[in-house]
Amino acid sequence: MELEGHLVFVDLRMNPRAFRLGACFRLRHGSGFHRCDIWPVSVHANSGASSGSFYKWSPLHLHELLDSLSHGLLCFCVFCVVCFFTMELQKRNGVSLPKILATWLLLLAASAGPAECIRENPSFSEQDEGGGGGGAAEEFRYSAASCRTHTASLADFGGVGDGVTSNTAAFGDAVAHLSQFASDGGGMLFVPAGRWLTGPFNLTSSFTLFLHRDAVILATQNVNEWPVIDPLPSYGRGRDHPGGRYSSLIGGSNLTDVIITGDNGTIDGQGATWWSKFHGNKLKYTRGYLIELMHSDQIFITNLTLLNSPAWNIHPVYSSNIVISGITILAPVHSPNTDGINPDSCSNVRIEDCYIVSGDDCVAIKSGWDEYGIAYGMPSQHILVRRLVCVSPTSAVIALGSEMSGGIRDVRAEDITAVNSESGVRIKTAIGRGAYVRDVFVRRMTLDTMKWVFWMTGNYKSHPDDKYDPNAIPVVDGISYSDVTAVNVTMAARLEGIPGAPFTGVCISNVTVALRKARKLPWYCTDVEGVSSGVTPVTCASLADQGTDNGGSGLCPFPTDPAPMEDVQLQECAYVKTS
């Protein structure tokens, strides 16, 4: 039996959830390993990692925890034996404690050999423990709806991760090669550690794009490498300019079973060039997005960091059955239109455990623009947003619209945290949009430093052209907000419906807003109708106070049926990379 090594790590990052302590050691017994964790977290690092790297923590999987518990007695016994002999040597022989500890360390060094550090988190497991010749093997584990039978590395197709060489052809060739396995277990493209410069490329069906945690996909800053494509039919034109739009960096259309994931690898849009050209009115077409999947089904985007998108970050459109989880999105707070996650004419969407710092809305639910969206007629519906953390000083934490001409219904949001954002929930629409926003349920929001907690407007003046129908009046009905706490707020709410077509069925309960400065009218309401209960400061008269005896926090409904995509079953997948 020998002690493989023991190390202690501290991980301190901007995200407070990533501050943890951890320690472990592993005992070799025969040909197997028993790992003993002092705390149920792992924060190990590769022995080859560069100095100054950040090392993330992750909770042990259940099977790992059970494994640690099952071998806990063995670990405890070793610890007791070491302590016993140390105390006996000191008591009987008068040997000093430092000498005893030094002797133990020498014995351990002689028996264990080099200590080995291993990076572990939910998707990356231990390096291959096999000896002998050949390069070391790394096994990557990750959870996904589908595991793939066929795998390849970007390096197999001539990819060069130096941050300078273009890998557009390598990505295209790799995806084309793996596409042949769509009906034979699917294919996974592994992006190794490195900086992989590329222009836009498309994915395929039954496909996984997996990024090593030290992999960075870099979007080329050469605008000429971004193809121009047709505008979305539900928009009729590009959002920045009439006409076409630049392709998104990672795209695809008419796909089934697509996974974009990794060990928290990074996709960097290098958007500063685009933002500068946009502000200088030097672009002929609308900017592309980081990820856009169209007309697709079964989309999973998880465990990634997205940086500096030219515009929107994640844009599923005309698609269904979507899970977006564990995503970090970062952009300068004044970067133009860098929305975080924008489901657009999509059904059955689950967005959870995401951290977004954005120059626009953190999450924006859309469904087409004026007469084009009305003609296309595809709503966004059955959408769940939970455990979202947002920073967006000029926009909303969660927005609905303003492009909502296909309709938006059955949206649920819960356990939302925001700091330094313009508004908690914002509904944006206008005459000419038509359609509806109905059955929106929000609960358990914690907000700090806001301009408004709630904002609704029926006069959002933005149209694709002058051909919109002035008789297309949107309906806003069945909007429920409950269990909200907000501090350092300028104004509780700005609720503006449409004259002659008020927003109805608004319910606000158990809401406490602490204003930055006292205001004579902390709520501004026109053309809205509804009820309230347990709200401080007191709401406007059009939201009739029902009193705490008439429902309190339970006054406003929240659905009790299963949430969208709640029943998705994930598998534990693995990929072994040999060097």
Residue pairs involving residues 390-404 (criterion side-chain hydrogen bond (donor to acceptor under 3.5 Å, both in side chains); sequence neighbours excluded): Arg239-Glu403, Asp360-Ser395, Lys366-Glu403, Ser402-Arg433
Check: Tyr289 ring centroid to His315 ring centroid under 6.0 Å: yes
Residues that Asp297 engages under side-chain hydrogen bond (donor to acceptor under 3.5 Å, both in side chains), provided they are two or more places apart: Ser320, Asn321
Salt bridge (charged side-chain N to carboxylate O under 4.0 Å, His left out) contacts touching residues 503-523 (sequence neighbours left out): none
Validation row, ring centre Trp369 to ring centre Tyr468 under 6.0 Å: no
Heavy-atom pair with the smallest gap, counting every atom of Val535 and Thr539: CG1-CG2, 3.5 Å
Backbone N/O of Gly199 and side chain of Thr168: donor-acceptor pair under 3.5 Å: yes
Taking every non-hydrogen atom, the tightest pair across Val513 and Pro537: O-CD, 3.5 Å
Rounded distance (nearest 0.5 Å) linking atom CD1 of Ile365 with atom CZ of Arg409: 13.5 Å
Point-to-point distance, once rounded to the nearest 0.5 Å, from CG of Leu384 to CD1 of Ile322: 13.0 Å
Ile250 side chain near Leu209 side chain, heavy-atom distance below 4.5 Å: yes
Test item: Asp370 side-chain N/O and Tyr372 main-chain N/O as donor-acceptor pair under 3.5 Å: no
From Asp361, Asn459, Thr457, residue fulfilling side chain to side chain donor-acceptor pair (under 3.5 Å) relative to Lys428: Asp361
Residues Leu307, Ile267; criterion side-chain contact (heavy atoms from CB on, under 4.5 Å); working and verdict: CA-CA 6 Å; Leu307 304 177; Ile267 302 173; over 6 Å; no
Sidechain-backbone polar pair: His212 side chain, Asp214 backbone, donor-acceptor under 3.5 Å: yes
Residues which pass side-chain contact (heavy atoms from CB on, under 4.5 Å) with Ile498, listed by chain and number, not counting sequence neighbours: Ile431, Ile473, Pro474, Ala501, Phe503
Residue pair Val511 / Thr536, side-chain heavy-atom distance below 4.5 Å: no
Counterpart residues, side-chain contact (heavy atoms from CB on, under 4.5 Å), relative to Asp415 (two or more places apart): Arg387, Arg444
Any pair counted as disulfide (SG to SG under 2.5 Å), so long as it reaches residues 507-537, sequence neighbours left out: Cys507-Cys556, Cys525-Cys540
Thr261 and Thr302: CA distance, side-chain angles, deciding distance, side-chain hydrogen bond (donor to acceptor under 3.5 Å, both in side chains) verdict: CA-CA 5 Å; Thr261 188; Thr302 64; 2.8 Å; yes
Nearest non-hydrogen partners of Met445 and Leu447, listed with the distance: CE-CD2, 3.8 Å
Under 3.5 Å donor-acceptor, Ser542 side chain and Glu529 backbone: no
ring-ring contact (aromatic ring centres under 6.0 Å, His included) evaluation trace for Tyr235 with Tyr376: CA-CA 9 Å; Tyr235 284 71; Tyr376 202 82; 9.8 Å; no
Atom pair CG/NE2 of Asp439 and His382 - distance to nearest 0.5 Å: 10.0 Å
Straight-line distance of Leu330 CG to Thr305 OG1, nearest 0.5 Å: 6.5 Å
Any donor-acceptor pair under 3.5 Å from Glu292 side chain to Gly251 backbone: no
Presence of salt bridge, Glu414 and Arg412, under 4.0 angstrom: no
Modelled atom types, side-chain donor and acceptor of Asp240 and Tyr246, under 3.5 Å: no
Enclosure of His279 NE2 (heavy-atom neighbours >12, cutoff 6.0 Å): yes
N/O donor-acceptor pair under 3.5 Å between Ser296 side chain and Met294 backbone: yes
Derivation and outcome, ring-ring contact (aromatic ring centres under 6.0 Å, His included), residues Tyr285 and Trp226: CA-CA 11 Å; Tyr285 305 103; Trp226 295 68; over 10 Å; no
Arg213 (side chain) donor-acceptor with Gly262 (main chain) under 3.5 angstrom: no
Side-chain donor or acceptor of Thr449 paired with backbone N/O of Asn420 under 3.5 Å: no
Where Ile508 and Phe454 come nearest, the two heavy atoms and their spacing: CG2-CE1, 4.1 Å
Modelled atom types, side-chain donor and acceptor of Ser234 and Tyr318, under 3.5 Å: yes
Donor-acceptor under 3.5 Å (Ser421 side chain, Ala418 main chain): no
Side-chain (Ser367) to main-chain (Gly406) donor-acceptor, under 3.5 angstrom: yes
Donor + acceptor pair across side chains of Glu496, Thr526 (<3.5 Å): no
Side chains of Thr338 and Ser335, donor plus acceptor under 3.5 Å: yes
